[in-house]
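Written below as structure tokens is the structure these notes are about.
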Amino acid sequence: MNTIAAVATPPGEGGVGIIRISGSKVWNIADQIFQGSEKPSAAKGGTFLHGRVIDADGKEIDDALCLIFRAPHSYTGENTIEIQGHGGSVVLKNILRCALEAGARMAEPGEFTKRAFLNGKMDLVQAEAVADLIHARSDRAAQAALEQLEGSLSKQINALSDRLIETAADLETTLDFVEDELPDDVFPTIGTQLNKSLQTLEHLLATWDEGRLLRDGARIVIMGQPNAGKSTLFNALLGADRAIVTGIAGTTRDIIEDGLVLNGIPLRVLDTAGLRDAECEIEREGIRRARVHSESADIVLYLIDTSVPTSAKDAEHLEKLDSSRTLVLLNKIDCRDSTFKFNTPNIQPLETSLVSDESVSELRATISKKLGCVSSAPVHAVISERHRDLLAAARNELTSACEKLSGKEDETIAFASEHLRSALEHLGQMTGRIYHNELLDNIFSRFCIGK
Ligand SMILES: Nc1nc2c(ncn2[C@@H]2O[C@H](COP(=O)(O)OP(=O)(O)OP(=O)(O)O)[C@@H](O)[C@H]2O)c(=O)[nH]1
Ligand SMILES: [Mg+2]
């Protein structure tokens, strides 16, 4: 494998910047560009040298540290050095240039991690967790990615694959028997084994909802008639004076969006224009956009102003929304109109007064409950769409295998075995026991250069 180099720290200025170089020629390159108390090629793994980075003309580029990693005890599994220089973009660019001139080539995105995978340092599920950990937008998402990186998901998939291999073997031996010689309990036992595996798959797939939220975050769209208190709510959730709040109906027109983290789940909250038959073209466009966004929302917070008499419009708007994703808030309960009534069947509204902090914390709790997560629950979630798809495909194969087995003739057993093999293939693609280059390119192109 040729030797690759890249800046491993983010662009911009910082105290320290790191250049990572990995591959067979690393000692040769390191000796050319780094002068310390001893040659990097002679230094022990797990140590570091203090010295100077020099270019081909012997000119000093930086005063730096050189960390020595000897194969297989490195991130990539290859001989690797990391030069810790001063964290400025010019310095790092120059150190990288020295490494390239000395024989390294520029690393592609994710190439260090790809090598770690190819050298057996981690499986594909773990390699993907590296990117998820880097891209994590909340503590909880980072925790889920870290668990995956440490092998929690891989272990489950490997155990499941081992069990399925046993089942497949048991199934195939039945083909060698003459039918009346087969012990009676063979098929029920195989059926039980298959069901157990199916349950494991279902269980893993069920974690996806939380996984998706951890990865992508949840979209919360605030809707309601003008003046209901949408922008007040938006500001209260963010804890910042972000959107304009006035007593004039029709204050907000454009969509205003911002992010926050609630119980470890990253959220995107959208404040929208109040729903009404607007004369103004700008406002009409705002209302149209509000409706479009509500369709892809994980939760719509629909606010109703209780300080005014009941409006039939609210029921009309609510009818157009998906009730399972909608949370109705009866707002301004502190100055509720005596005639106000809310009696839409099957909807449990929450009463709020956004002038009080209590309402806002209660609302936060209700939102996280609706998102299905309790902050103290452990996160063993499937967070990758690729994994979800492969798990679902494996589940479908197992379901078909079970159906085929109910026939129990030679032919159907052969079909069942075929489904089992396909299920195993899907699981193998997940961990990377089975892979092709296009898949690797696809996965690792998501990474940053230097990882
Ligand atoms: N008393 C009381 N006033 C509230 C409450 N929530 C919001 N308000 C007031 O209601 C008025 C309208 O609030 P906004 O947040 O601008 O309402 P909106 O739904 O964003 O209105 P548009 O942007 O026009 O659609 C402001 O004067 C707020 O201070 C509440 O719970 N109690
Ligand atoms: Mg507003």
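Counting starts at 1 for both ligands and their atoms, in listed order. When a residue number appears, it is its place in the shown sequence, counting from 1.
Annotation for ligand 1: atoms under 4.0 Å from non-hydrogen atoms of Ser353 are 31 (O). Near Ile248, with a cut-off below 4.0 Å to any heavy atom, the atoms of ligand 1 are 24 (O). If you number the atoms of ligand 1 from 1 as listed, the ones under 4.0 Å from a heavy atom of Cys335 come out as 1 (N). Under a 4.0 Å criterion applied to the non-hydrogen atoms of Thr251, ligand 1 contributes the atoms 22 (P), 23 (O), 24 (O). Near Gly274, the atoms of ligand 1 lying under 4.0 angstrom from a non-hydrogen atom of the residue are 25 (O). Those atoms of ligand 1 with a heavy atom of Thr246 less than 4.0 angstrom away are 11 (C), 12 (C), 13 (O), 16 (O), 26 (C), 27 (O). Counting the atoms of ligand 1 from 1 in the order shown, those under 4.0 Å from a heavy atom of Gly247 are 27 (O).
Note on Lys230 versus Asp271: no salt bridge recorded, every NZ/NE/NH1/NH2 to OD/OE distance being 4.0 Å or above. Under the 4.0 Å criterion applied to side-chain N and carboxylate O atoms, Glu166 and Arg163 are not assigned as salt-bridge partners. Contact check on Arg421 versus Glu425 returns no salt bridge, with no Lys/Arg side-chain nitrogen under 4.0 Å from an Asp/Glu carboxylate oxygen. The pair Arg212-Asp298 counts as a salt bridge, with a side-chain nitrogen and a carboxylate oxygen less than 4.0 angstrom apart. In this structure, Glu285 pairs ionically with Arg289, as a charged nitrogen and a carboxylate oxygen lie closer than 4.0 Å. Ion pairing between a basic and an acidic side chain is recognised when a charged N comes within 4.0 Å of a carboxylate O; Arg276 and Glu283 show such pairing. Ion pairing between a basic and an acidic side chain is recognised when a charged N comes within 4.0 Å of a carboxylate O; Glu111 and Arg115 show such pairing. In summary, Arg52 and Asp63 do not engage in a salt bridge, as defined by a charged side-chain N under 4.0 Å from a carboxylate O. Residues Lys332 and Glu351 are not paired through a salt bridge, judged by the lack of any N-O separation under 4.0 Å between the basic side chain and the carboxylate.
Of the listed residues (Leu330, Thr252, Asp334), the one carrying the non-hydrogen atom nearest atom 23 (O) of ligand 1 is Thr252. Relative to atom 31 (O) of ligand 1, the option among Val245, Leu354, Leu329, Thr232 with the closest non-hydrogen atom is Leu354. The closest heavy-atom contact to atom 19 (O) of ligand 1, among the options Glu351, Lys230, Met223, Arg336, comes from Lys230. Of the listed residues (Ala243, Gly250, Pro226), the one carrying the non-hydrogen atom nearest atom 24 (O) of ligand 1 is Gly250.
Evaluation of the side chain to side chain donor-acceptor pair (under 3.5 Å) test over residues 430-442, restricted to residues two or more places apart or in two chains, returns Lys114-Asp441, Asn158-Arg433.
In this structure, atom 21 (O) of ligand 1 lies nearest to the protein heavy atom Asn227 N, 2.9 Å. At the shortest separation from atom 8 (N) of ligand 1 among protein heavy atoms lies Lys332 CE, 3.7 Å. Closest to atom 17 (O) of ligand 1, if we only count protein heavy atoms, is Gly229 N, 3.2 Å.
Polar contact with ligand 1: absent for Ala249 (N/O pair, distance under 3.5 Å). For the pair Asp271 and ligand 1, the shortest N or O to N or O distance does not fall below 3.5 Å.
Side-chain N or O atoms of Ser359 include none that pairs as donor or acceptor with a backbone N or O of Val355 at under 3.5 Å. Between the Thr272 side chain and the Ile222 main chain, a donor and an acceptor come within less than 3.5 Å of each other. The closest donor-acceptor contact from the side chain of Asp132 to the backbone of Ala145 lies at 3.5 Å or more, if one exists at all. At least one donor-acceptor pair under 3.5 Å links the side chain of Asn235 to the backbone N or O of Ala243.
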Please test Ser311 against Gln225 for side-chain hydrogen bond (donor to acceptor under 3.5 Å, both in side chains), starting from the C-alpha separation and ending with a verdict.
CA-CA 10 Å; Ser311 152; Gln225 295 196 56; 2.9 Å; yes

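Under 4.0 Å from ligand 1, the heavy atoms of Asn331 that appear belong solely to its side chain. Here Leu303 has no heavy atoms under 4.0 Å from ligand 1, in either its backbone or its side chain.
Distances shorter than 4.0 angstrom do not occur between any heavy atom of Ile222 and any atom of ligand 1.
Around the Mg ion (ligand 2), the protein contributes the following N, O or S atoms at distances under 2.8 Å: Ser231 OG, Thr252 OG1.
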